[in-house]
Amino acid sequence: MGRDTISDIITSIRNADMNRKGTVRIASTNITENIVKILLREGFIENVRKHQENNKYFLVLTLRHRRNRKGTYRTILNLKRISKPGLRIYCNYQRIPRILGGMGIVILSTSRGIITDREARLEGVGGEILCYIW
């Protein structure tokens, strides 16, 4: 794991989804737990459980997969990191982008915590755009 924990989470989930893995193990921090809660609430993953190993906590995510195995495999989960440590991207609540016309979500880090774009528009707060999920 590198210094950018959000990119590490996104890359781990994307790689596991492309390789048709059922579970992913990621390091547990406050930021990762909040992002995983959003993914679980929005239905992008099936289950989350916390696992301890040598005084370190890990989150074990169970991914959703297509039930139909015929034909070419398309990933269900598309994730894209937007704000990076070298270039932070901020926006106010009026300029938060809509992903696929509202079908996808934008995860933001605001003064009220890590929330989705819909919640940020309702509360009228902007912040740093962490990632897009569709």
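Atom set for the values below is all heavy atoms of this structure, side chains included, hydrogens, waters and symmetry mates excluded.
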J.: Applying side chain to side chain contact (heavy atoms under 4.5 Å, CB included), can you list everything that pairs with L87, at least two apart in sequence or on another chain?
T.: I89
J.: Taking I133 as the starting point, is it possible to reach V106 by hopping between hydrophobic residues whose side chains are less than 4.5 Å apart?
T.: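 Looking at the clustering, I133 is in a separate group from V106.
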J.: Might you point out which heavy atoms bring Q52 and Y57 nearest each other, and give the distance in Å?
T.: OE1-OH, 3.6 Å
J.: Tell me whether I96 shares a hydrophobic cluster with L122, the cluster being built from Ile, Leu, Val, Met, Phe, Trp, Tyr side chains joined at under 4.5 Å.
T.: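 Result: no, two separate clusters.
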J.: For side chain to side chain contact (heavy atoms under 4.5 Å, CB included), just list the numbers for L130 and L108, CA-CA rounded to whole Å, side-chain angles, deciding distance to a tenth of an Å, and then say yes or no.
T.: CA-CA 5 Å; L130 297 178; L108 296 128; over 6 Å; no
J.: Could I get the full list of side chain to side chain donor-acceptor pair (under 3.5 Å) partners for S7, not counting sequence neighbours?
T.: D4, R81
J.: Might you point out which heavy atoms bring F44 and W134 nearest each other, and give the distance in Å?
T.: CE2-C, 4.3 Å
J.: Can you name the one residue among T5, I6, T29 that meets side-chain contact (heavy atoms from CB on, under 4.5 Å) with I35?
T.: I6
J.: Examine distances only and state if a side-chain atom of N19 and a backbone atom of N15 form a donor-acceptor pair shorter than 3.5 Å.
T.: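 Confirmed, N19 side chain pairs with N15 backbone.
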J.: Say you draw a straight line from CG of L59 to OG of S12; how long is it, rounded to the nearest 0.5 Å?
T.: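 L59 atom CG to S12 atom OG measures 11.5 Å (nearest 0.5 Å).
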J.: Of all the heavy-atom pairs spanning L63 and A16, show the shortest one and how long it is.
T.: CD1-CB, 3.8 Å
J.: List in chain and number order the residues that pass side chain to side chain contact (heavy atoms under 4.5 Å, CB included) with T23, two or more places apart in sequence or in another chain; answer none if no residue qualifies.
T.: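 Testing T23 for side chain to side chain contact (heavy atoms under 4.5 Å, CB included), a comparison that skips the adjacent residues, returns V60, T62.
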J.: Identify, with sequence neighbours excluded, every residue that meets side chain to side chain donor-acceptor pair (under 3.5 Å) alongside E119.
T.: R41
J.: Which value, rounded to the nearest 0.5 Å, describes the distance between L39 atom CG and L77 atom CG?
T.: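 Output value for this atom pair is 7.0 Å.
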J.: With a 4.5 Å cut-off on side-chain heavy-atom distances among I, L, V, M, F, W and Y, is there a chain of contacts connecting I10 to I38?
T.: yes
J.: Residues in side chain to side chain contact (heavy atoms under 4.5 Å, CB included) with Q94, at least two apart?
T.: N92
J.: Tell me every residue that passes side chain to side chain donor-acceptor pair (under 3.5 Å) with E33, counting only those two or more places apart in sequence or in another chain.
T.: S28, K50
J.: For L40, enumerate each residue passing the side chain to side chain contact (heavy atoms under 4.5 Å, CB included) test, keeping only those at least two apart in sequence or located in another chain.
T.: I45, V48
J.: Can you list the residues that meet the salt bridge (charged side-chain N to carboxylate O under 4.0 Å, His left out) rule with R118, with sequence neighbours excluded?
T.: E42
J.: Answer yes if M103 and I105 sit in the same cluster of Ile, Leu, Val, Met, Phe, Trp and Tyr residues linked by side chain heavy atoms under 4.5 Å apart, and no otherwise.
T.: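 Per the 4.5 Å side-chain linkage, M103 and I105 are not co-clustered.
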J.: Can you tell me how far apart CD1 (I107) and CG (N34) are? Round to the nearest 0.5 Å.
T.: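 One finds 10.0 Å between CD1 of I107 and CG of N34.
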J.: Using modelled atom types and a 3.5 Å cut-off, is there a donor and acceptor pairing between side-chain atoms of T32 and backbone atoms of A27?
T.: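 At least one qualifying donor-acceptor pair exists.
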J.: Apply the test side chain to side chain contact (heavy atoms under 4.5 Å, CB included) to residues T11 and I13: give CA-CA distance (whole Å), side-chain angles for both, the deciding distance (0.1 Å), then the verdict.
T.: CA-CA 6 Å; T11 303; I13 294 172; over 6 Å; no
J.: To the nearest 0.5 angstrom, please state how far the CG atom of L61 sits from the CD atom of E46.
T.: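 That separation rounds to 11.5 Å.
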J.: Under the side chain to side chain donor-acceptor pair (under 3.5 Å) rule, collect the residues that match up with S109, sequence neighbours excluded.
T.: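 Side chain to side chain donor-acceptor pair (under 3.5 Å) list for S109, sorted by chain: empty.
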J.: Honestly curious: do I114 and I129 fall in one hydrophobic cluster under the side-chain, below-4.5 Å linking rule?
T.: no
J.: Any salt bridge (charged side-chain N to carboxylate O under 4.0 Å, His left out) involving residues 89-112? Give me the pairs, sequence neighbours left out, ordered by first then second residue.
T.: R112-E123
J.: Tell me, with the steps shown, if Y132 and I82 meet side chain to side chain contact (heavy atoms under 4.5 Å, CB included).
T.: CA-CA 7 Å; Y132 296 158; I82 301 301; 3.5 Å; yes
J.: Which pairs pass salt bridge (charged side-chain N to carboxylate O under 4.0 Å, His left out) with one or both residues in residues 125-134, sequence neighbours excluded?
T.: R88-E128
J.: Within 45 degrees of the axis of the six-membered ring of F58 and under 6.0 Å from its centre: does R25 put its NZ or CZ there?
T.: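 Judged by the rule, R25 and F58 form a cation-pi pair.
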J.: Who else is in the cluster with V125 when I, L, V, M, F, W and Y are joined by side-chain contacts under 4.5 Å?
T.: I115
